[in-house]
Amino acid sequence: MPKMRTFKFTEGEETKTVDAISYKKAVKSYQSSSKANSVHIEWPGSKGGIFEKDQKLPLGRWKKLR
């Protein structure tokens, strides 16, 4: 069974955490409540370590986002 991970989204001074199984699902659930163009994300790896990424929003198929 997949393990839930805690993703930490930082947008300027505001920080929000989202629990999800995958990176993509976490970003998609966060972007519905945010109007930002990009966000900084930190999450723990499944085998240890901390990963960081700056993600452009929105994430997904452009055809379905319109």
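Note that the structure is a prediction, hence the values are computed from the model and not measured. Residues: numbered from 1 along the sequence shown.
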Seminar exercise, completed: Sequence neighbours excluded, the answer for side chain to side chain contact (heavy atoms under 4.5 Å, CB included) partners of S29 is V18
Problem set entry | With S38 via side chain to side chain donor-acceptor pair (under 3.5 Å) - residues at least two apart | none
Exercise. When clusters are formed from ILVMFWY side-chain contacts under 4.5 Å, directly or step by step, what else is grouped with I21?
Worked result: M4
For this session: Grab the two heavy atoms, one from K28 and one from L59, that are nearest each other, plus how far apart they are.
Result: CE-O, 3.8 Å
For this session: Output all residues satisfying side chain to side chain contact (heavy atoms under 4.5 Å, CB included) with D54, sequence neighbours left out; order by chain, then residue number.
Result: H40
Problem set entry | Heavy-atom closest contact (R5 atom, S46 atom, distance) | NH2-CB, 4.0 Å
Seminar exercise, completed: With sequence neighbours left out, the residues meeting side chain to side chain contact (heavy atoms under 4.5 Å, CB included) with E11 are Y30, S34, A36, V39
For this session: Look up atom OG1 in T15 and atom CZ in F9, then write down how far apart they are to the nearest 0.5 Å.
Result: 11.5 Å
Exercise. Just by distance, do the side chain of E42 and the backbone of I50 share a donor-acceptor pair under 3.5 Å?
Worked result: no
For this session: Using side chain to side chain contact (heavy atoms under 4.5 Å, CB included) as the criterion, list what pairs up with Y23, not counting sequence neighbours.
Result: F7, V27, I41, W43, K53, Q55
